[in-house]
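Input: one structure, supplied below.
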Amino acid sequence: MDIVRVTIHMVRRFYSLPSLIALAAFEAAARHLSLTKAADELNVTPGAVSKQVRMLEEELGIPLFLRRHRAIELTREGETLAAAMREGFERMASAFRQIKSLGGQPVATVGCTMAMAQLWLMPRMGSFWNSHPDIVVDHVISDHPHGLDRPDVELRLRYGDGEWPDELSAKLYDDRIFPVASPAFAKAYPAKSMQDLAQLQLLSVEGIDWTWTTWAEFLREVGHPDRHVNVRRFNSYVIALQAARSGQGVALGWESLVAPLIEAGSLTRVTDAAIAAPQSYFVTWSARRPLSPQAVMLRDWLLSLGSLSSTQASRLPISLEQPVRRRSPRGQGKTHSG
């Protein structure tokens with residue numbers, strides 16, 4: 001026990017840092033702007049997080065958060081410390097990944113929403129796996145707007161205007177949006193005009209991300225603003241499409257995501273009305289640290305898909321044969337299957 005105390009004391013004195021536990025609690029609270037969410041992440045109570053943050057504030061002699069009613073905000077000093085800690089943790093995470101990859105297979109991590117993963121990325125990943133069998137691709141899936149803002153996610157597939165804080169971006173593709181439903185629903189409830197369409201059961205994805213186009217926005221864009229629409233709301237695009245495929249209503253189809261479902265016959269366009277998606281899909285990565293070589297290869301491969309139509313991309317060659325196994329970098333007779 002004495003040895004542990006001496007070691008901690010020496011580390012503190014050498015780096016002039018306060019308690020690492022307090023710093024970790026503050027970083028999580030600053031990232032979430034929530035003591036409760038920080039506590040969930042760290043598997044402790046909100047009271048424990050609050051106590052660690054207050055200890056840090058007492059040592060600094062200044063507040064790091066402004067306590068509001070049911071909310072917290074970073075002070076200017078808190079923002080400075082949070083930015084420094086975020087950068088430090090990201091650098092450590094990057095170094096950890098690089099060191100880990102040297103002892104085995106190279107790993108690249110890509111993050112996206114559930115819809116993007118299921119409907120766009122997964123049907124294409126087999127082609128990358130065949131071409132690069134020595135690279136393991138880890139997937140992080142989140143529909144939360146900030147769920148992919150993690151240091152272990154090297155590449156992110158995002159929908160937006162191309163501008164994200166501390167991120168570099170390259171456009172994947174533009175998209176189109178149009179109404180879709182199951183063939184049976186479209187036959188039972190034919191929509192010969194936008195007024196007919198507006199009176200049907202509409203399935204809308206709302207409450208996840210403000211950039212997502214809603215039915216109200218779509219109808220306004222096609223010149224038929226209607227305040228009296230029958231809308232069922234979902235916070236998952238995958239579930240909304242499942243409801244549409246089950247004949248429960250009309251969803252907004254993003255061409256890049258629903259084209260294979262239309263080709264397979266599980267969805268069909270309800271009208272000829274369509275709009276250009278207000279924003280675009282991008283590949284993004286941190287501006288503060290370099291990508292690993294394997295992440296660069298994955299990024300460039302993803303960008304090469306942007307020029308392909310959905311039909312062309314869905315027909316990428318995918319072999320069902322096992323890729324050639326290769327020796328591990330250390331030559332210890334280990335094999336990797338990608």
Side-chain angles (χ1 to χ4, degrees), residues 112-124 141-145 157-161 172-281 308-314:
C112 60
T113 64
M114 177 62 74
M116 189 68 172
Q118 179 175 328
L119 301 172
W120 190 88
L121 184 58
M122 286 303 102
R124 294 160 169 79
I141 311 300
S142 176
D143 285 338
H144 190 279
L157 305 183
R158 298 183 186 269
Y159 174 76
D161 60 5
L172 264 179
Y173 59 86
D174 297 314
D175 214 343
R176 290 197 313 152
I177 306 172
F178 43 74
V180 295
S182 70
F185 185 95
K187 183 177 180 179
Y189 304 97
K192 298 179 180 180
S193 67
M194 292 308 300
Q195 184 174 358
D196 291 341
L197 175 65
Q199 293 175 354
L200 298 178
Q201 174 69 74
L202 305 179
L203 311 174
S204 187
V205 180
E206 301 178 21
I208 306 176
D209 192 337
W210 66 270
T211 62
W212 201 259
T213 298
T214 64
W215 269 108
E217 293 165 334
F218 178 85
L219 292 172
R220 185 172 61 248
E221 285 294 314
V222 297
H224 188 84
D226 195 328
R227 299 180 180 178
H228 305 289
V229 292
N230 183 19
V231 175
R232 283 177 60 195
R233 294 175 175 83
F234 299 81
N235 67 353
S236 166
Y237 188 60
V238 170
I239 301 303
L241 284 186
Q242 183 60 51
R245 294 168 68 184
S246 301
Q248 298 178 35
V250 185
L252 287 173
W254 297 65
E255 185 173 27
S256 65
L257 303 181
V258 302
L261 300 177
I262 293 175
E263 187 175 355
S266 59
L267 286 176
T268 187
R269 292 187 61 168
V270 176
T271 71
D272 292 332
I275 65 171
Q279 304 190 63
S280 304
Y281 283 94
L308 301 180
S309 69
S310 297
T311 301
Q312 290 173 322
S314 66

Looking only at heavy atoms, what is the nearest atom pair of S236 and V205, with distance?
O-CG2, 4.2 Å
CZ (F185) and CD (Q201) are apart, to the nearest 0.5 Å, by 7.0 Å
Under the side-chain contact (heavy atoms from CB on, under 4.5 Å) rule, what do V258 and L241 come out as? Steps first, then yes or no, please.
CA-CA 9 Å; V258 302; L241 284 186; 4.0 Å; yes
Taking all heavy atoms of A117 and all of I141, pick out the closest pair and write down the distance.
CB-CD1, 3.5 Å
E206 and V231: side-chain contact (heavy atoms from CB on, under 4.5 Å), yes or no, with the steps?
CA-CA 11 Å; E206 301 178 21; V231 175; 4.3 Å; yes
What's the shortest heavy-atom distance between A240 and A251, and which atoms?
O-CB, 4.4 Å
Pair E255-F178, side-chain contact (heavy atoms from CB on, under 4.5 Å): steps then yes or no
CA-CA 8 Å; E255 185 173 27; F178 43 74; 3.8 Å; yes
Can you tell me how far apart CZ (R158) and CE (M116) are? Round to the nearest 0.5 Å.
12.0 Å
Do the rings of Y159 and Y281 sit parallel, tilted or perpendicular, given the 30° and 60° boundaries?
tilted
How long is the straight-line distance from CG of L252 back to CG of L202, given to the nearest 0.5 Å?
8.0 Å
Evaluate T113 against S142 for side-chain contact (heavy atoms from CB on, under 4.5 Å), listing each step before the verdict.
CA-CA 5 Å; T113 64; S142 176; over 6 Å; no
Under 3.5 Å, side chain of T268 to main-chain N/O of P183, donor-acceptor pair present?
no
Heavy atoms of A244 and L203 approach each other most closely as N-CD1, 3.5 Å
What class does the angle between the rings of F218 and W215 fall in, given that below 30° is parallel, 30 to 60° is tilted and above 60° is perpendicular?
perpendicular
L197 and P179: which non-hydrogen atoms are nearest, and at how many Å?
CD2-CG, 3.7 Å
With rounding to the nearest 0.5 angstrom, report the OG1 to CD distance, T213 to Q279.
8.0 Å
So how far is it from S204 OG to E217 CD, rounded to the nearest 0.5 Å?
8.5 Å
Rounding to 0.5 Å, atoms CH2 (W212) and CG (D143) come to a distance of 8.5 Å
Smallest separation among heavy atoms of D196 and A191, with atom names
CB-CA, 3.8 Å
Polar side chain donor-acceptor pair, Y173 to S256, under 3.5 angstrom:
yes
